[in-house]
Each structure stands twice: as structure tokens, then as C-alpha cells.
Enquirer: 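Please see the structure below; I have some questions.
Everything numeric here is computed off the predicted structure, so don't read it as measured data. Basis for what follows: all heavy atoms, side chains included, without hydrogens, waters or symmetry-related copies. Protein chains get the first letters and strands the later ones, always in sequence-line order, with residue 1 at the start of each.
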There are 2 protein chains.
Amino acid sequence: MLTFERQHAILNLLQKQKIAKIAELIDATGASESTIRRDLSELERQQKLKRIHGGASLPSRKSDEPGMSEKITAFTKEKERIGALAASYVEDNDSIYIDAGTSTEAMISKITAKNVTIVTNGLNIINTSIQHDFYTYVLGGYVKTGTHAFIGKAAAEAMQKYRFDKAFLGTNGVDLTFGYSTPDPEEAYIKELAIRESQQAFILADSSKLDQTSFTCFGSLKDATLLTDSNKDTLEYLHKLAEQTSVEAVKI
Amino acid sequence: MLTFERQHAILNLLQKQKIAKIAELIDATGASESTIRRDLSELERQQKLKRIHGGASLPSRKSDEPGMSEKITAFTKEKERIGALAASYVEDNDSIYIDAGTSTEAMISKITAKNVTIVTNGLNIINTSIQHDFYTYVLGGYVKTGTHAFIGKAAAEAMQKYRFDKAFLGTNGVDLTFGYSTPDPEEAYIKELAIRESQQAFILADSSKLDQTSFTCFGSLKDATLLTDSNKDTLEYLHKLAEQTSVEAVKI
DNA sequence: ATAAAATGATTGATTTTGATTGTTTGATCG
DNA sequence: CGATCAAACAATCAAAATCAATCATTTTAT
């Protein structure tokens, strides 16, 4: 079993059960105790999980402990870098769609092109977009709890009135055969429409999303350009992806 | 059982029953008395619970403490009072439209009715609405700088797909002959539609808006119930208004 | 073929745990 | 009011579990 696969198996198990014991992880992966411990150390360093005596748990929220702000900025570095890469594709006079999500939010402040119009279905995107004085348009719709994305029939109908030069979307999973996927079917449908209504689509996905699948597929790999980050763990998988679609990866 | 699990189990049990005895916690977790005591010490240090002789209880909230409630009630302003008045009109299962603006924002936290659906075109309203766990729908549209209201053709079209039990709107001016008015024609149009699409409309206006006119009229006095505040200066004007429409005024 | 990286076993150090100890608390009764 | 007793408590200690560091071996990349 590949290191990369194994570490994702650990994170997957952690998402199903909020905590996992070492023995469970050994059982689930077939690796030795030493290897599991090394994985946990590495994943904790990446802030993907939190180690506890006897196993691991999902990372605690930022508000839990004081003095976390530095770690947060370290954790968002990947997203900032990917955001900068995405922003470099935006040209003067573009009309672009920006999907709800934290990855996509990071790109807005990096956009240097002039006279850009931003259309979005994300509450966080609106806030950031008006902060940076972009022409901002909002899809209507039902506000989903959690992601605060505007979805549903109203959002879909509004979407079809626009044509975008480019669309920038987040995702929960990138898989060689299943393509791009996200848990909520309604959200997936909006993403699907965005890809359809845009001349060029980009998927922003940090490396934790690679080799993952969620409930609903919203596009195949070739439908969009994948923007992600590369490190020694993901390099091999990125090569496989590159056979099917165009990939741009920033070094971390 | 892991330390982390056990401590969560303790906090869970405490949320169901506000206090728990040591014996109950031993029974619930299977750990020894020493371990439970250590957990309680640690959790008390984290302010997650309060130890009492024989067990533990939930920590007292700030609002429970003496001297806090007075500060909260003492800090009530005009808009808060008008907001509370407006909120009192909202009934169970209502679908209501809430206009962009600070006056209308104040009413949201005061709504006590159950199963309320909120439709809005205001960025600030969305934020407050989801904070209070209402079913929230958003009109799409162009984001106007300043008020952060969603306006334009898309907003108008979206508006026409809804029928509201009640609509709550802000205004810039209330005038005996010109009615209700606001500077931006696009915003005025959305307000006009909101009044048309609702069974009952309310205008929230603090007394500084009385006897004022703005560029665009969006309704005559009789189209809506005026919610405002009264003092000795405005009393006379309110009487004149009351001849043409229904007025509710809170004493300041 | 060689170097680099990942793995698994082993070791000693650290943490957690439950039992035991003596002390403190709070209720009961004279 | 104070003496008395049982329950609750904190402190300590040894055993068990978990952990980090090390090293030899295997796998992978060049």
C-alpha cells in the first residue's frame, strides 16, 4: 500500500469516526505500528489531524485554544498559493464565476486584472469580493448550512442567465475514474452548471482532496483544469491525473 | 477507552443531565474513580465544567452571573426597540421578506416564532439570519456598494417567484404626500415589488426618517404599516400619519 | 547498480491508569 | 455547638500502555 493511499485511508477513517485508535488504524491499513505513528506525525504536522494519546482525532476548531493563529496561517499557506495560481489566470475584463468555499476565497485578493466581474453563490465570496471592490453579482437561492452556499432551483435558474469567461470551483474529491465530486447533490448541480456555462473551468483542490471521492460527481477530469499543490507524496498521483487532464501544481 | 473519548463522554452526559455524580461517570465510562477524578480536574482547568462535591456540573454562563443581565438590558437602542416590535408580528410558519438595512437586521434576533422562512436581498441580513438558524433564501442580483443590497433585473425576477406572509422594509424617508422613498431607483423597485408580493407590509423607520423625502418613492403611506418610535417632538406628526395609515410606535 | 526513501522490529523513555494511602468535607446526632 | 462517621477527595506509587528514537532490512527511483 502506498504511503499516500495509507495516509488518506487514515483521514477517511477519521472522518467517519471522529477519533481512531492506533490498533484500528493498523487493522485498517495493514501497516505496522511504527509506520502508522510516522503517518500520524506527518499528518499532524500538516494540521490534517490531531494526535492524542492512543490514537488520533480530527483537528480542533480554531476557537478551542489560544495561540492558534500562527498555526492557522501556516495551514492556509497551501490554499493561498493555489489561490495565487488561480488568480494568475484571470485577465482584464473577464467575467468569472467563483464557487463558494475557502479555497476559492483565497484567490480573490490575488487578482490583479482590471475591470473584473465576479459572479458567485457563496456568502464568504461576496464579502471578500466587495471588500476588493469587484463588480459583484450573486446567484439567489437557499442558503445551505455549513458551507453557506446558495443552492437549489433559484440558483440553477439564475446561473443559466450568465456566460462566464472562466469558472473557479472547489471540490471535495478528485478521483481518476469518478472525477470531481462533492457531498451535496444540489451543490454539485450548481458546480456542473458553472462548468457548462464557462469557456474554461478550473478546479482548486489542495492535496488532501486527491484520490478522494464524495457522494455526487459534478464533472469528469477533462472538463476542467486542476490547480493543486505538489509534494513528494502526491507527485506520483499527479502524474496519473496529468494523463487525463491538464494539471497545474504549485510546489509547497 | 481513550482519554479523549472518555472526557467527551463526560461532557456529553453533563449536557443531558446538568449535573453528574462520580458513580454515574464511572458507570458510563468504565474507568476507575481515580481516572474520572483526573478527567474532572483537567476539564475544570479547561473551563469545560465545574466540579462540585460528589461530581460535576456545567459551568455557569456569563449571562447567569450577577451584573451581566442588567448590562445587556440597559444597552437597548431605538432600532432594537423597533426591531422587537416588528419581530412581534412574525408568527409560526411565516415566510417573510426582510429588506437590506440595519433597522431590519435588528429584528431578526428578536423573532421567537418557530419554523420561520426568511427571504432577503441584504448581505447583512443573510449573515444574521443564518446565525439564528432560520431557513434563509437569497434574491440574486448585483451587489450595490454601500448598502450591500442585491438589486437589478435578477433580483426583481427572483422576487416575483415568491409570495410573502409579511414584508419588513427600511426606508430613507416618510412623507405625508410622497409616501416612502429611498435614493436608489433600483433599490426602490425591489422594495415596491416586496410590498406587492406580500400580504402585509411593514416599514421600519426610526423618528429621524419622519417628514423626509428621498429621490424615489416606493409606496404610499397606506401600502404598509409604519413601525417607529415616538417622543414629544414627533407625536404631532405621528397623529397626522395615523390618519392615512396604521402606525405602531414604541415609546423611547 | 547505487543511493535514497520507506518500512518494521526493538529498545528505553514517557504517559496513563487503577489501587492504596491518608486527609478533608459535610451531614447526623447527642 | 461540637463530636462522630461515612463519603468524597488529593496524593502517591507501581503496573500497564503508549510513545519516540534507533537500526537493520526492504522497497523505490534514478
Side-chain angles (χ1 to χ4, degrees), chain A residues 1-14 17-60 65 176 207-208 210-211 229-243 247 249 251-252, chain B residues 1-14 17-59:
Chain A
M1 193 180 220
L2 236 45
T3 303
F4 182 60
E5 286 179 287
R6 182 164 23 81
Q7 296 189 351
H8 272 284
I10 291 174
L11 292 174
N12 273 337
L13 193 64
L14 263 182
Q17 343 163 176
K18 62 192 180 197
I19 76 165
K21 295 196 243 289
I22 296 277
E24 292 173 337
L25 295 173
I26 292 174
D27 205 40
T29 61
S32 71
E33 184 182 319
S34 297
T35 301
I36 296 295
R37 289 192 189 287
R38 268 186 282 257
D39 286 338
L40 294 185
S41 295
E42 171 62 14
L43 290 170
E44 183 178 45
R45 192 192 61 78
Q46 295 175 22
Q47 309 279 330
K48 301 286 174 58
L49 55 78
K50 193 174 129 190
R51 293 189 72 178
I52 55 179
H53 198 88
S57 76
L58 289 178
S60 57
E65 294 165 48
L176 282 167
S207 55
S208 73
L210 301 183
D211 200 17
D229 58 276
S230 75
N231 55 54
K232 57 180 189 292
D233 291 334
T234 63
L235 206 55
E236 186 186 352
Y237 197 80
L238 288 180
H239 278 304
K240 289 186 197 167
L241 285 168
E243 293 169 9
V247 177
K251 290 275 200 315
I252 296 294
Chain B
M1 192 180 222
L2 255 41
T3 306
F4 186 75
E5 282 181 288
R6 195 180 49 244
Q7 297 188 350
H8 262 276
I10 291 174
L11 291 174
N12 276 338
L13 192 65
L14 263 182
Q17 11 172 144
K18 64 192 179 197
I19 71 165
K21 285 187 275 197
I22 296 277
E24 292 173 334
L25 295 173
I26 292 174
D27 204 41
T29 61
S32 71
E33 184 183 323
S34 298
T35 301
I36 296 295
R37 290 192 187 287
R38 268 187 286 255
D39 285 337
L40 294 185
S41 296
E42 171 64 13
L43 290 171
E44 183 178 44
R45 194 191 60 78
Q46 295 176 19
Q47 315 249 343
K48 299 284 177 59
L49 55 77
K50 200 175 118 186
R51 294 188 70 175
I52 56 178
H53 198 83
S57 73
L58 286 178

Enquirer: Is any N or O donor-acceptor pair between the side chain of Thr3(A) and the base of dA6(C) shorter than 3.5 Å?
Expert: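 No pair found.
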Enquirer: If you check every side-chain atom of Ala31(A), which of dG8(C), dA10(D), dA19(C) has the closest atom?
Expert: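 Ranking dG8(C), dA10(D), dA19(C) by closest atom to the Ala31(A) side chain puts dG8(C) first.
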Enquirer: Take atom CG of Leu40(B) and atom P of dG18(C), then tell me their distance rounded to the nearest Å.
Expert: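 Interatomic distance, CG of Leu40(B) to P of dG18(C): 14 Å.
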Enquirer: Write down the atom of Ser230(A), the atom of Leu238(A), and the distance for their closest heavy-atom approach.
Expert: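 The pair with the smallest heavy-atom distance is CB-CD1, 3.5 Å.
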Enquirer: Which nucleotide sits closest to the side chain of His53(B): dA10(D), dG26(C), dT20(C)?
Expert: dG26(C)
Enquirer: Rounded to whole angstrom units, what separation is found between the CG atom of Asp39(A) and the P atom of dA20(D)?
Expert: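 After rounding, the gap between these two atoms is 13 Å.
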Enquirer: Once you apply a heavy-atom cut-off of 4.0 Å, does Ile26(A) come out as touching a base, just sugar-phosphate, or nothing?
Expert: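 Nothing: the residue Ile26(A), judged by heavy atoms under 4.0 Å, touches no strand.
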Enquirer: So, Arg37(A) and Glu33(A), do they make that salt bridge, N to O below 4.0 Å?
Expert: yes
Enquirer: With no hydrogens and no angle check, is any side-chain donor or acceptor of Asp229(A) less than 3.5 Å from a backbone partner on Ser207(A)?
Expert: yes
Enquirer: Would you kindly give the CZ-to-C1' distance between Arg37(A) and dA6(C), to the nearest whole Å?
Expert: 17 Å
Enquirer: Is any side-chain N or O of Ser32(A) closer than 4.0 Å to OP1 or OP2 of dG8(C)?
Expert: yes
Enquirer: Check Leu14(A) against Ala56(A) and note the closest heavy-atom contact, atom names and distance.
Expert: CD2-O, 3.5 Å
Enquirer: Report which part of the nucleic acid Gly30(A) touches: base, sugar-phosphate, or nothing (heavy-atom distance under 4.0 Å, all strands).
Expert: nothing
Enquirer: Report the distance from atom CD of Glu33(A) to atom P of dT10(C), rounded to the nearest whole Å.
Expert: 12 Å
Enquirer: Nearest-Å distance, CD (Glu42(A)) to C1' (dA6(C))?
Expert: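 Rounded to the whole Å, the gap is 13 Å.
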Enquirer: When the nearest nucleotide of DNA chain D is assigned to Arg38(A) and to Lys21(A) on a heavy-atom basis, which residue is associated with the more 5' position?
Expert: Lys21(A)
Enquirer: Rounded to the nearest angstrom, tell me the gap between atom CZ in Arg6(B) and atom C1' in dT18(D).
Expert: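 Rounding to the nearest Å, CZ of Arg6(B) and C1' of dT18(D) are 14 Å apart.
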Enquirer: Can you check whether Thr35(A) has a side-chain N or O nearer than 4.0 Å to OP1 or OP2 of dG8(C)?
Expert: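 Thr35(A) to dG8(C) OP1/OP2: side-chain N or O found under 4.0 Å.
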Enquirer: If you look at every heavy atom in Arg51(B) and Ser41(B), which pair is closest and at what distance?
Expert: NH1-OG, 2.9 Å
Enquirer: I need the CD1-P distance between Ile22(B) and dA7(D), as an integer number of Å.
Expert: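 To the nearest whole Å, that distance equals 15 Å.
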Enquirer: Using atom CD1 of Ile36(A) as one end and atom P of dC19(D) as the other, report the distance to the nearest whole Å.
Expert: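 These atoms are roughly 12 Å apart.
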Enquirer: Assign Ile52(B) to base, sugar-phosphate, or nothing according to its heavy-atom contacts below 4.0 angstrom with the strands shown.
Expert: sugar-phosphate
